[in-house]
Amino acid sequence: MENLLEIRDLHVHFTTYAGVVQAVRGVNLSLARGEAVALVGESGCGKSITAQSIMRLLPSPQGKIVKGTINFAGQNLVKKSEREMEKIRGNEIGMIFQDPMTSLNPTMTTGNQIMEVLRRHSRMTRQEMTARAVEMLRLAGIHQPERRLRQYPYEFSGGMRQRVMIAMALACGPRLLIADEPTTALDVTIQAQIMELMQDLRQKLGTAVILITHDLAVVAGFARRVMVMYAGKIVESGTARELFRSPLHPYTRGLLGSVPRINDRARQPLTPIAGRPPDLLNPPPGCAFWPRCSEAMQVCARQEPAMVEAASGHSAACWLLHPQAQNRRRVG
Ligand code: SF4
Ligand code: MG
């Protein structure tokens with residue numbers, strides 16, 4: 001069956017006073033109906049911008065899709081007008097963000113906010129909309145939904161607000177949910193509950209999900225496939241199982257090294273990858289990771305490695321996977 005989402009060679013540029021930032025540099029991503037994938041990487045790697053491109057919510061006029069296609073259910077979103085996108089957003093593609101307080105309207109009751117989404121996209125009567133809002137809040141694990149509908153966002157805890165956001169994002173039954181750091185602002189116990197809720201709803205409603213996170217620990221048990229992004233490109237892609245067990249790219253290995261083990265959370269300090277991502281105003285030639293890579297060879301600084309499928313469905317863009325790189329000489 002045809003994929004629900006198919007992104008091909010996506011390039012996004014941002015115009016700044018300093019020059020043009022190449023924020024996304026040739027992303028390919030596909031998602032089957034009902035599938036959950038994770039897009040993982042440090043902040044600034046282009047994962048949120050990829051999500052904003054799908055929603056066509058790039059900051060305007062600075063952010064621009066300069067190349068590529070985003071096929072969603074057979075239509076290229078890059079070519080859609082703002083009016084056409086308004087019909088798709090919230091209705092066919094839902095989105096939740098890190099901080100629900102900034103995306104919820106503080107002056108409107110949660111019930112009215114959910115109903116607002118329904119009003120925009122359906123012809124339900126007020127009674128039907130209320131019933132739907134109650135149903136969604138209940139599905140999102142909120143007790144006494146009838147009473148909660150009449151409350152304002154400030155009357156909810158952070159975790160509860162994220163549940164409201166999820167209820168709102170799923171109210172119209174979208175085929176795709178984009179969750180951008182949905183649990184980052186929450187403490188660890190609540191994080192786990194929200195991930196469990198998303199998993200549960202995904203299975204019940206059959207919604208495909210793109211989970212965006214900098215935290216690989218959140219991914220395990222949720223997404224079947226993981227894509228690791230670095231400096232505007234996907235550098236590794238595989239099943240979560242394969243990627244955790246045998247990461248191919250030195251950057252992924254670094255990320256896994258900085259995942260706190262569940263039991264040692266308090267004791268074990270994280271070992272972040274030394275150095276910083278490159279300046280995307282002037283992306284370096286070669287592999288963008290080479291200045292930070294302990295395995296860098298001469299070729300890495302000169303020529304960009306192509307994606308290589310090392311095992312079935314498990315690929316990475318790294319010279320270590322190329323036969324020509326056998327004769328390795330380290331940089332510096
Ligand atoms: Fe490191 Fe070279 Fe692989 Fe880049 S291509 S990750 S620099 S070994
Ligand atoms: Mg982000």
Side-chain angles (χ1 to χ4, degrees), residues 7-13 21-29 37-50 67-68 212-217 219-220 223 225-260 270-332:
I7 301 181
R8 284 287 154 258
D9 200 27
L10 181 70
H11 291 253
V12 180
H13 287 181
V21 176
Q22 301 174 31
V24 173
R25 306 188 296 144
V27 160
N28 294 303
L29 184 160
V37 302
L39 199 51
V40 181
E42 291 163 296
S43 91
C45 70
K47 53 198 196 306
S48 294
I49 293 175
T50 301
K67 195 177 166 200
I212 293 176
T213 179
H214 67 279
D215 183 0
L216 266 170
V219 171
R225 270 192 311 133
V226 181
M227 270 153 277
V228 178
M229 227 175 142
Y230 187 76
K233 293 179 187 237
I234 289 173
V235 296
E236 179 158 1
S237 147
T239 61
R241 214 185 136 86
E242 276 268 317
L243 197 126
F244 280 103
R245 200 173 43 192
S246 39
L248 297 171
H249 199 284
Y251 178 62
T252 310
R253 290 203 279 270
L255 282 181
L256 283 167
S258 57
V259 171
L270 299 184
T271 46
I273 308 161
R276 292 204 307 158
D279 179 4
L280 293 180
L281 270 171
N282 278 308
C287 169
F289 189 58
W290 83 258
R292 301 170 80 183
C293 182
S294 59
E295 297 174 72
M297 302 162 274
Q298 276 184 347
V299 63
C300 302
R302 286 198 311 262
Q303 212 179 322
E304 201 180 322
M307 245 346 198
V308 171
E309 189 167 27
S312 164
H314 189 184
S315 321
C318 173
W319 281 115
L320 293 172
L321 301 173
H322 286 257
Q324 305 98 294
Q326 298 293 349
N327 184 10
R328 37 192 298 192
R329 278 172 294 162
R330 290 185 186 260
V331 174

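Note that the numbering runs from 1 along the sequence shown for the chain. Counting starts at 1 for both ligands and their atoms, following the listed order. Just so we're clear, the structure is a prediction, and the values are computed from it rather than from any experiment.
With contacts defined as side-chain heavy-atom distances shorter than 4.5 Å, the pair Met229/Val235 does not qualify. When side chains are defined from C-beta on, Pro283 does not count as touching Pro278, because their heavy atoms never get closer than 4.5 Å.
Salt bridge status for Glu236 with Arg225: absent, with no side-chain N to carboxylate O gap under 4.0 Å.
Side chain to side chain, His214 and Glu42 fail the donor-acceptor criterion of an N or O pair below 3.5 Å.
Between Tyr251 and His249, the ring planes lie perpendicular to each other; the angle is over 60°, past the 30° to 60° tilted range.
Protein atoms of type N, O or S found under 2.8 Å from atom 1 (Fe) of ligand 1 total 1.
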Trace of the side-chain hydrogen bond (donor to acceptor under 3.5 Å, both in side chains) decision for His13 with Gln22: CA-CA 5 Å; His13 287 181; Gln22 301 174 31; 4.7 Å; no
